[in-house]
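Structure first, commentary second.
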Amino acid sequence: MGSQTPALEKLFDEWAKKHAENISTAEPYGMKNEPPYGGFVRDGIVNLESWKKQKVRICFILNEAGGRFDMEHYPDGFDLAAEWNEKGAFSKFMFKLAVWTKAVQDSFVAPTTYVKADVVKIRDELIRSIAVVNIKKSDGNRNSDFELLQRFADEDAEEIKRELELVNPNIIICGENFKFLRGKRPEEEGAKRNHVFYDDEIKQIAKFTYLWGSKLVLSLWTPANFFGTISSNTINYYAVREVCRAALKAFSNKKKK
């Protein structure tokens with residue numbers, strides 16, 4: 001498995017068991033595949049040693065782990081963190097995540113010019129410095145069914161929240177999926193948690209930017225977008241960097257009041 005803490009490994013073990021027992025059925029999720037439908041997808045901290053060294057710990061919340069899974073190496077379920085740790089930035093999507101990571105890191109220092117060659121040199125290092133949390137951890141697809149994604153977000157809200165707490169990032173980046181994760185607290189006393197972020201647990205401090213305790217949550221566009229101007233890595237670098245810089249300024253101003 002990946003380089004997780006014992007607490008995260010235990011959470012994933014319990015989560016995988018829950019999926020195998022409850023979410024492999026046709027209802028209410030409408031799964032097309034029969035059990036074991038590709039197995040449970042583990043994610044989390046890509047490289048624990050690198051993660052512990054980071055002053056800026058960045059966690060990406062993604063919809064689901066799309067693509068073909070290497071079940072020969074991961075017969076008990078795909079381990080995304082282990083694959084990313086082993087291979088580094090091996091795809092266009094992962095290079096974009098590396099660009100976003102560099103943009104967030106650079107938001108803490110004086111502005112500089114984006115140079116693709118500089119990111120290429122350290123892209124694997126950047127990928128190994130992050131954590132990733134997928135909302136839908138079973139039967140991942142390249143194109144998300146948003147109704148299905150919402151059902152997983154609701155069903156697994158307690159586990160997703162716990163994973164974020166155990167990963168313990170400074171900055172959480174939601175790629176056009178924050179809407180699936182937030183909502184009002186259930187009216188019924190003692191009701192099961194059905195959202196990751198309740199509206200009374202987050203505070204908006206700038207556009208696209210929220211506080212969840214001491215953590216910055218950025219609600220941005222999806223890094224999986226490869227169409228049109230927004231797909232440009234250069235534009236992504238400057239846009240993400242400046243959104244994050246504005247968020248840090250808003251956070252700093254809030255603390256001064």
Side-chain angles (χ1 to χ4, degrees), residues 4-33 35-45 57 59-65 77 80 131-141 144-206 208-220 222 254:
Q4 308 303 321
T5 64
L8 274 168
E9 290 289 11
K10 181 180 178 182
L11 172 65
F12 289 150
D13 288 343
E14 294 171 350
W15 205 339
K17 183 178 179 181
K18 170 187 170 183
H19 276 212
E21 292 176 349
N22 301 319
I23 302 183
S24 59
T25 57
E27 298 294 339
Y29 299 98
M31 290 293 191
K32 295 181 180 179
N33 297 351
Y37 59 86
F40 180 79
V41 177
R42 294 173 182 249
D43 44 35
I45 298 167
R57 297 187 303 276
C59 178
F60 289 91
I61 296 184
L62 305 177
N63 290 350
E64 55 189 306
L80 178 145
V132 58
V133 172
N134 285 282
I135 296 174
K136 182 169 173 277
K137 284 186 165 60
S138 293
D139 199 28
N141 294 299
S144 296
D145 178 327
F146 294 122
E147 181 179 354
L148 189 58
L149 191 67
Q150 183 67 72
R151 289 175 180 176
F152 269 85
D154 294 344
E155 175 66 27
D156 287 351
E158 292 182 5
E159 290 85 358
I160 296 171
K161 177 177 180 287
R162 182 59 178 155
E163 182 178 4
L164 288 170
E165 290 173 341
L166 291 173
V167 169
N168 192 27
N170 307 116
I171 296 177
I172 298 170
I173 298 179
C174 298
E176 207 172 306
N177 48 35
F178 191 53
K179 59 188 176 184
F180 300 118
L181 302 173
R182 64 173 293 187
K184 294 181 179 180
R185 194 177 294 273
E187 294 181 359
E188 303 85 1
E189 185 176 350
K192 177 183 175 183
R193 187 180 187 97
N194 65 344
H195 291 292
V196 178
F197 305 109
Y198 288 140
D199 289 344
D200 59 354
E201 294 179 341
I202 56 176
K203 180 177 179 62
Q204 186 166 4
I205 59 171
F208 313 119
T209 307
Y210 301 81
L211 274 181
W212 183 45
S214 61
K215 305 179 192 305
L216 283 176
V217 180
L218 305 183
S219 177
L220 304 179
T222 173
K254 181 180 181 298

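Numbering starts at 1 and runs along the sequence shown.
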Does a donor on one side chain sit under 3.5 Å from an acceptor on the other, for Asp154 and Asn194? no
Test of understanding: with side-chain contact (heavy atoms from CB on, under 4.5 Å), list the residues that count as partners of Glu14, not counting sequence neighbours. Lys10
Determine, stepwise, if the pair Leu220 / Cys174 fulfils side chain to side chain contact (heavy atoms under 4.5 Å, CB included). CA-CA 6 Å; Leu220 304 179; Cys174 298; over 6 Å; no
For Glu147, the side-chain hydrogen bond (donor to acceptor under 3.5 Å, both in side chains) test, sequence neighbours excluded, returns Arg151
By side-chain contact (heavy atoms from CB on, under 4.5 Å), Glu188 pairs with (sequence neighbours left out) Pro186, Ala191
State the CG-CD1 distance between Asn134 and Ile61, to the nearest 0.5 angstrom. 10.0 Å
All N/O donor-acceptor pairs, side-chain side in residues 162-169, below 3.5 Å, sequence neighbours left out:
from: Glu163; atom 1: OE1; to: Lys137; atom 2: NZ; distance (Å): 2.9
from: Glu165; atom 1: OE2; to: Lys161; atom 2: NZ; distance (Å): 2.5
from: Asn168; atom 1: OD1; to: Lys215; atom 2: NZ; distance (Å): 2.5

Sorted by chain and residue number, the ring pair (Phe, Tyr, Trp, His ring centres under 6.0 Å) partners of Phe146 (sequence neighbours excluded) come out as Phe180
Rounded distance (nearest 0.5 Å) linking atom CG of Asp13 with atom CZ of Phe40: 9.0 Å
Apply side-chain hydrogen bond (donor to acceptor under 3.5 Å, both in side chains) to Tyr210 and list each qualifying residue two or more places apart in sequence or on a separate chain. Arg182
For Arg185, the side-chain hydrogen bond (donor to acceptor under 3.5 Å, both in side chains) test, sequence neighbours excluded, returns Asp200, Glu201
Roughly how far, to the nearest 0.5 Å, is the CG atom of Leu218 from the OG1 atom of Thr209? 5.0 Å
Go through the structure and list residues passing side-chain hydrogen bond (donor to acceptor under 3.5 Å, both in side chains) with Lys184, not counting sequence neighbours. none
Is it the case that the ring center of His19 lies less than 6.0 angstrom away from the ring center of Phe152? yes
